[in-house]
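These numbers were taken from a predicted model, which means no experiment stands behind them.
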Amino acid sequence: MDSLEFLHTRPPQNEENQKFDDVGLFASSEYVDGDKEADAVWDEIDKRMDLRRKDRGLKDEIKKYLDSIQNVAEKFVDLKRKLHTMSAEDWDSIPEVGDYFLRNKKNRRFESFAPVPDTLLEKARQEKEAADGAETGRGAVLSLELDRLSDSISWLTVVDPEGYLTDLKSMKITSNAEVSDIKKARLLIKSVTQSNPTYQYGWIVAARLEVVAGKLQAARNLIKKGCEECPKSEDVWLEACHLASHEAKAVIARGVKAIPNSVKLWMQAAKLEQDDANKREVLMKGLEHVPDSVRLWKAVVELANEEDARVLLQRAVECCPLHVELWLALARLETYSEAKKVLNKARMKLPREPAIWIAAAKLEEANGNRGSVGKIIESGIETLKAEGLEIDREMWMKEAEAAERSGSVETCQVIIRNTIEVGVEEEDRKRTWVADAEECKKRGSIETARSIYAHALTVFLTKKSIWLKAAQLEKSHGTRESLDKLLQKAFTYIPRAPALWLMRAKEKWLAGDVPAARGILQQAYSALPDSEEIWLAMFKLEFENNEHERGKRILEKARERGGMEKIWMKSAIVERELGNTVEERSFLDEGLKRFPSFYKLWLMLGQLEERLGNMEQAKETYELGLKDCPNCIPMWLSLAHLEEKLNGFSKARAVLDMSRKRNPQNSELWLAAVRAEARHGFKKESDILMAKALLECPTSGILWAASIEMVPGPQQETKIRDAFKRFGFDPDPHVLVAVGKIFWHDRKFDEARSWFNRVVTLAPDIGDFWALYYKFEMQHGTEENQKDVLNKCVAAEPKHGEKWQAVSKAVENSHLPTEAILKKVVSAMEKEELHAAAENVKN
C-alpha cells in the first residue's frame, strides 16, 4: 500500500483536538471531551483501589494491634503450652538453681555492684578520644572503604561513587574522632588524585569531602583542578557547576566548550537560564552541535508556541527520523491533510512501528471518518506481519485501553476485534476472554471490556454465562437502554434463560415502568411456562405494587400447574399480609402435605399459632416439624424459646441439649445455650458452655466474638489474641466487630471507625454490622459520615444478620425500604442496651 487510506477532507480545526491527555506536547494521544468521563471513571477506580489496599493492610493492622496488647508473660504462652510434651526424665534433668548456688557458695566471694552514671561514662569516652584519637564505628567504615579504594588495580574501583558520595554528604563532624576521620580520608583521596589525576571520581570525592568538612572554597579549587585534569568528563563539569553557585553559567559555558556534544551539559546550561527565550537559545545552540539528540529537540519544542513547534518538529524528524514520538507530535500539530502526509512519511521510515497505524486510526476517528478506522488497523496489522513483526496481543490490548482513555472508542473496538484472538488456543478462548474483560473492568477500561464481550458473543452465541457477564457490565456502567438492547439480543439466541428475563424485567420495574416489566414477564412465561422463578417474579411484581388480587391469581395458576414448595409458602405469606389467618393456615397445611420436609412451612405454621396465642399447638407444630426437619436450626431455637416461656428454663435447656446432640458442631445452638444460661444468672455454667463451644467449634466467629464480650475488660485482649491466632490473618468479621467495639468503649473513635468500615467492606450482606456502624456514627460521627454509611448500606441491600432479620421479616415491616429497616434495627439495639443496663442496676 503506497499510502494510508485517509478519506474526505479535514473539517474546521477544533481547538479541543489540539489538547493532549498527558502533560506536554509529546503526549501519546489527543484529549477530547470524552476524557472527562474517563477521568471520572479513573478517579472512582483509584478510590476502589485505595480501599483494596486498605484491606490488604489489614494484616499489618492486626499484627500491630496484637503487639500492642501483648505483655512479657504472654509472649511465653506458646512455650508453656508445650510443657506437657516433656517427659519425666526431661524434668529431672533440669538443674536446681538453689542447690547449685549452695554447693558453690564457699567458692564465691560476695560482691556488690553499683551502676556507673551515664554522665561519667560519657566524660571518660570523650577524654579517651581526645587522648588517642580512637576510631569510632563511622571512622572504621570510612577507613575500610578508602583502603579498598587504594588497593584497587589501576584505580578501577568497584566502589559505587554515587552511593559513597552520598554517605560523605550525610556525615556531620561532631567530635575529635570525626575530625581525625576527615584528615585520614583527605590524605587517602589526595593520593588517589596525585597518582591518577585523570580519574574523574577522585576529584569529585575530594570536592565533596571538603564540602562535608565545611570548606567550600577548597572544594571549588579541587573541582576546578579536576576540570583541568578531566576536561572530557561530564560529571566533573556538572559537579563544578553545582559548587560554583553564582558563577555556574560561566563554568557550564567552559564545559560545553570542552565537550560540545554533551547533551547533559547543554540541558544543564538551559536549566540555569531563567527566561524561556534564553533557554530556547541555549538549546538551539546545543542542537547545532548535537542535531540528533531527541532530548534536546523535545526540550526546545516544549518551550515553543504551536507554530514554532511545528517548524521545529519538521526539522526534528529530518534529524531524528527513527524516533516515532517526534513524528506523532508533529502529526498532532498539523492540519488533517498534512497530518496524513506526516504519518505516511513516518510509516515509510518506521515500517515496524504499530503506534503510527494507531495514530492514523485515531486521526480518522477524530475527524469523523469512522469507516476508515477498521481499514487502517487491519492494513496495519497485515503490514506489520509482512515486516516480520510478531503481533503481541497484550501490547495491542494496552493500546486499546489507551485509545479508550483518549476518547477514541472506535479505534479501541477495532483493535480488540482484530487482535483478541491472537495466540489464544480454541479451547481456551472463552475462559481467556472473560478473564481479559474482567481485568479491563477492574482497571476502569469499560469500553475495552465491552468490546471483548461483544466479540466473544459473536463466537459463543449460546453461552449464558457470557451474556450474563456482559449484562452485568452494562448494568454497572452502561445505560438502561444499552442493557435492554443487549438483553433483547440475548433472547434471540437463548430464550430459555430465566436470569436474563428477570434482569430485564427488574430494570424496567426499577425505572418505574411497571407495565413494561409485566409485559416482559409475560413473554418470559410464554418461553418458560414451567419456571418457578418466573412465576415468583410475576407474583412479586404485583404484590410489591399492592396488586394483591393479581398476585393471588398468579399464585393460584401456579398451584394448579403443580407449583413447588415456594409457591405454597408465598401463598401463605399473601394471606398473612392480608390478615386472613384461615386461608393462611389452609395453604400451610396443604403445603406441608405436599412438601413435609420444607422447614419454612413448619416455621410459618408454628409462628401463626404463636401469633394466635395457641402456645401448645405451636409447640406441637415445632415438635412435628423437627421430626421431618431435624437439622433445621431456626426451628430448634424457636422451640427452645417457646419452652422457656411456657415451662421455664429447665425445659428450654433440655431442648437445646437435644438440639446439639442432633446437630453437633453448630455454633448457633451453642451460642443460644450460652446466652440462655447467662440470661438466667448462671454465669459459671455459661462460661463452661462457652469453653466447650469453642472446643467443638474452634473456627466460629460468632462464638469468639461472644466470648470476647463475656469476659471482663482486662481479659478481652487475651481473648482477641487467641482468636487471631486461631484465624490467622483472615479473621471472621464478627471478631473484627468485637475489636471495633473495644475501641469504641475506650473512646478511640478513629480506630473504631476504621475497623467498622473494614467489617462492612468484608461482609456487606450482614445488616447487623451496618446497624452497629450507623449507630456509632450517630453518636460520634458527623452528619456527612452518617449519610455515607446510610447510602452504602442502601446500596449493599443486606439480607442477613440476627437482629436484621428479626426486624425485616416482621409482618409489619415486610414492605419497608432498607433505610427504614436500618433505623429500626438501630432503635432495637438501643432498647436492648437500656434493658441490659437496667438489669445490671437491679442485680
Side-chain angles (χ1 to χ4, degrees), residues 3-4 6 10-11 13-32 34-35 38 263 266-267 270 276-277 279-284 286-288 290-367 373 376-377 380 395 398-408 411-412 415:
S3 62
L4 298 175
F6 297 113
R10 185 174 187 258
Q13 186 69 24
N14 185 354
E15 291 183 3
E16 290 298 316
N17 290 337
Q18 297 302 323
K19 296 181 180 178
F20 309 106
D21 57 342
D22 294 327
V23 178
L25 177 63
F26 297 92
S28 59
S29 55
E30 296 180 351
Y31 190 92
V32 294
D35 282 317
V263 175
W266 285 111
M267 292 296 295
D276 285 351
K279 288 184 178 182
R280 190 159 51 247
E281 184 178 352
V282 171
L283 292 170
M284 291 302 296
L287 285 169
E288 292 177 5
V290 198
D292 59 346
S293 170
V294 177
R295 187 178 176 189
L296 290 177
W297 279 114
K298 283 185 178 182
V300 74
V301 169
E302 289 286 1
L303 294 172
N305 56 42
E306 183 175 326
E307 188 59 37
D308 291 341
R310 184 183 296 111
V311 176
L312 288 169
L313 283 169
Q314 289 172 352
R315 175 61 179 159
V317 295
E318 293 177 4
C319 297
C320 310
L322 301 181
H323 290 276
V324 66
E325 49 193 331
L326 296 177
W327 287 103
L328 297 181
L330 176 59
R332 284 197 290 273
L333 292 177
E334 294 285 5
T335 61
Y336 173 54
S337 57
E338 290 299 321
K340 292 193 295 182
K341 295 177 181 178
V342 168
L343 292 175
N344 274 320
K345 291 179 182 178
R347 180 177 59 82
M348 297 300 181
K349 296 289 185 181
L350 299 166
R352 296 167 59 85
E353 183 53 64
I356 298 173
W357 296 94
I358 296 171
K362 290 180 180 179
L363 178 65
E364 292 298 324
E365 182 177 356
N367 287 275
V373 175
I376 291 173
I377 295 297
M395 184 276 290
K398 290 179 181 177
E399 291 291 346
E401 293 186 63
E404 176 186 348
R405 289 194 294 273
S406 66
S408 302
T411 302
C412 166
I415 290 174

Test log, rule salt bridge (charged side-chain N to carboxylate O under 4.0 Å, His left out), inputs K398 and E401:
CA-CA 5 Å; K398 290 179 181 177; E401 293 186 63; over 6 Å; no
What do the steps show when you test K341 against N344 for side-chain contact (heavy atoms from CB on, under 4.5 Å), and what is the final call?
CA-CA 5 Å; K341 295 177 181 178; N344 274 320; 5.6 Å; no
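- Taking each heavy atom of C320 and S293 in turn, the nearest pair found is SG-N, 4.2 Å.
- With a 4.5 Å cut-off on side-chain heavy atoms, K340 and E334 do not count as touching.
- The two residues E365 and G407 make their nearest non-hydrogen contact at OE2-O, 4.1 Å.
- I356 contributes atom CD1, which lies 8.5 Å from atom CH2 of W327 (distance to the nearest 0.5 angstrom).
- One distance of note links OG1 of T335 with CG of N367; it measures 9.5 Å at 0.5 Å rounding.
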Go through the steps for M284 and W266 under the test side-chain contact (heavy atoms from CB on, under 4.5 Å), then give the verdict.
CA-CA 10 Å; M284 291 302 296; W266 285 111; over 6 Å; no
Please step through side-chain contact (heavy atoms from CB on, under 4.5 Å) for the pair R310 and E307, ending with a clear verdict.
CA-CA 5 Å; R310 184 183 296 111; E307 188 59 37; 2.7 Å; yes
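- If you take CD on E318 and NZ on K349, they are separated by 9.5 Å, rounding to the nearest 0.5 Å.
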Please assess L343 against L328 for the test side-chain contact (heavy atoms from CB on, under 4.5 Å), listing each intermediate value before the final yes or no.
CA-CA 7 Å; L343 292 175; L328 297 181; 4.0 Å; yes
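- The side-chain heavy atoms of P354 and E399, taken from C-beta on, include no pair separated by under 4.5 Å.
- To the nearest 0.5 Å, atoms OG1 (T411) and CD1 (I377) are separated by 6.0 Å.
- Nearest approach of L363 to A339, heavy atoms of both residues: CD2-CB, 3.7 Å.
- Rounded to the nearest 0.5 angstrom, L296 CG and L287 CG are separated by 5.0 Å.
- The minimum heavy-atom distance linking P291 with W297 is given by the pair O-NE1, 2.7 Å.
- Proximity of L283 to M267: side-chain heavy atoms (C-beta onward) are separated by under 4.5 Å at one or more points.
- Here the side chain of R295 pairs no donor or acceptor atom with the backbone of V263 at under 3.5 angstrom.
- Nearest approach of A309 to A304, heavy atoms of both residues: N-CB, 3.8 Å.
- Considering every non-hydrogen atom in both A355 and V324, the closest pair reads CB-CG2, 4.4 Å.
- In this structure, E353 CD and E325 CD are separated by 10.0 Å, a value rounded to the nearest 0.5 Å.
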